2 protein chains.
Amino acid sequence: MDRDETDKDDAVSAHERPTLKTLAFMTGLGVTTVSRALKDAPEIGAETRRRVQLVARQIGYRPNRAGVRLRTGKTNVISLVLNTEREIMSFVSDIIYGVSEVIADTPYHLIVTPYSRSQDPLDPVKYLVETGSADGVIISRTQPNDPRARYMLERGIPFATHGRTDMGLVHPYHDFDNYAFAAEAVRHLAGIGRRRLALVTPPVGLTYYGHTVNGFADALGEVDASEVRFNTVSIDQSIDQIRTRTAQLMRREVRPDGFVSSAAAATLAIVAGIEDAGLKLGRDVDVVSKQSSELLHLFRRELLVVNEDFRLAGTELARAVLGWIGGAAPGSLQTVVKPGEVLSYRG
Amino acid sequence: MDRDETDKDDAVSAHERPTLKTLAFMTGLGVTTVSRALKDAPEIGAETRRRVQLVARQIGYRPNRAGVRLRTGKTNVISLVLNTEREIMSFVSDIIYGVSEVIADTPYHLIVTPYSRSQDPLDPVKYLVETGSADGVIISRTQPNDPRARYMLERGIPFATHGRTDMGLVHPYHDFDNYAFAAEAVRHLAGIGRRRLALVTPPVGLTYYGHTVNGFADALGEVDASEVRFNTVSIDQSIDQIRTRTAQLMRREVRPDGFVSSAAAATLAIVAGIEDAGLKLGRDVDVVSKQSSELLHLFRRELLVVNEDFRLAGTELARAVLGWIGGAAPGSLQTVVKPGEVLSYRG
DNA sequence: TCAATATACTGAAACGTTACAGATTGCCAA
DNA sequence: TTGGCAATCTGTAACGTTTCAGTATATTGA
């Protein structure tokens, strides 16, 4: 016969994980009372409350997530929805770290929900909502008219977008002011005498594509400089493509003497392309680039950079979603961060 | 009175999520039968089985995770445990993508469990095990005598380590052959005439520190070259520190004419340090570096690189954990990937 | 004194799933 | 005919939690 297993019902066996039942047995109270005592319900006596909480802490009680989830529907999960294919040299880790930092002292877990190029970006969001797998969702690669945001708004599930939408619908977001970035970059280049500027745009279709293009165009109107069209290139393309196209462009008669680049990886390719064409950075052409980790100055000292903090994006997005879940007004959970100034590492 | 809510018991109201009860009602069977039919249990008639599965597919039935988890203890969750502070320019996203790819067509979710520098690395693992939050765990920054691996082995929870341990205990792992990398790098440098080699090591304490150091030392014994000690530097340090130290080293009388670097970010700093000292890459000194994304050749064409595929690491680690969960022998789930050859982009 | 009320606590039910221990039916051997 | 058995199917309980509808006991108001 077994001699390790204790008797039939609710004996508190040595190393099982404690449940409310365990606590109830230890305190001599009912499970209901214990449950309420742990969440500071008002109808529980002050002393009982303290006693229960003490015992709970002593034996390391942790509520069973499945139990809570089954009963209440609350998952205590935030999902970060990510495209697994684009965005080389990716900022993804920074966002994850930022989100993690915020949810570290909450009961929330972070799940990563990927989708691939071939899929409809709506799929993973639908999955999450239909299966009730998360209390809140964070999405990126936001579009002006974003079906995912619309969908979640309809279903009433809290979410935050990395980047803004433009649908006349209110929801939390965090965004970097790419309009200001592009405009500032243009002004800076004009300020150092550059007159023919090219823009390496964000992926067409995303909201910040428009912001960037507008900032670029508007600032061009203010200064004594003109645009050299470089429409065929966006940062979503491969390094090799960007490099080749840049080299082609720089061999033309009318070539840019300044670039504005929306991403560090693209900048590497642009510089390579410039040099392929036999030109020299800082002499023949200047490049202003966004970067998310401070490494570009090591690449070429002549690069002009503006930092974008993706870890901050992560923390803000997490705060926004948690805020919405916590009942805050979605409209109050919108942040746009201004770019810092254009940094130079020359001399 | 409400007119939207249907009558009391088990009416199948329009847009509630279907459960086994819904299916039971629709098929006219009992919940037990439906449950078993869905998992192809042998005691269910073939036709019934097909019928249930058809209906389930039609109405988009998805098992409720909380229900399954509460009943069976199975979480259908894999946790990736990450240090949130080290590893700039991080490979983290690649690993995540790799893991995601593998679990995409399984019921598993991926949760990211972070820990910070100040914490004991054992904490997050303890948390996961004690709260039963995952069926399997993936850890990185593996040490020869790794308390986390030991702990999980004791508790019998499936896991895989990125990097090997050296405790005489058997568990799944995936590793890059850093011994071979370092040795190959030394041979390559010796082959192009470099005689005084310095090693920028992985973080002291991690298993692959030892592998790298040994590979470096053993290969030095084979070729006509010697080591220039550069002990104070590992890839865990800040970019600025590495750069400064490298510059100092390169200004000494006896300076290295070759470097072996274990990480791309460190390599950027090393090259910067070399150039700070007024020396030229490819002429005065050569650097062989590992890289996880193919960008270093854009940085300096003279760099010699060996690629390490972290996405592969992710897929292998995920496969290993799933394999163990699925009952495979842990000893059969160990992979070491050989480095490719040293690549040059000159001429 | 008695009813009303506040205080502190409690059992039962339910969330969706699976495991256990049957129940029903038809078929075959004896 | 009947007992046995295989083939199918089913109800109940349990996982741990919270909510609902109470139940006791003490306290108050008249």
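Protein chains get the first letters and strands the later ones, always in sequence-line order, with residue 1 at the start of each. None of the values given here were measured: they were computed from a predicted structure.
Put simply, CG on B:Leu38 is 13 Å from P on D:dC9, counting in whole angstrom units. One interatomic measurement links the two molecules: CG of A:Asn76 to P of D:dT18, which rounds to 11 Å at whole-angstrom precision. Atoms CG (B:Asp40) and P (C:dT18) sit 13 Å apart, rounded to a whole Å. The nearest whole Å value for the distance from the CG atom in A:Leu23 to the P atom in D:dT18 is 12 Å. Going from atom NZ of A:Lys74 over to atom C1' of C:dC15 covers 17 Å, rounded to whole Å.
Counting heavy atoms from C-beta on, the side chains of B:Arg36 and B:Val52 never come closer than 4.5 Å.
For the pair A:Arg17 (side chain) and A:Arg62 (backbone), a donor-acceptor distance under 3.5 Å is present. With hydrogens and angles ignored, the 3.5 Å screen pairs a side-chain donor or acceptor of B:Arg148 with a backbone N or O of B:Ser140.
In summary, the side chains of A:Ser100 and B:Thr84 do not present any donor paired with an acceptor at a separation below 3.5 Å, with no hydrogens or angles considered.
For C:dC9, the OP1/OP2 oxygens have a side-chain nitrogen or oxygen of A:Thr48 closer than 4.0 Å.
Taking all atoms of both residues into account, the shortest heavy-atom contact from B:Met167 to B:Ala149 is CE-CB, 3.8 Å.
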Q | Base-contact (B) and sugar-phosphate-only (S) positions in nucleotides 10-17 of chain D, heavy-atom cut-off under 4.0 Å, - elsewhere | A | BBBBBBBB

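Remark: B:Phe310 CZ to B:Tyr97 OH distance equals 15.5 Å, nearest 0.5 Å.
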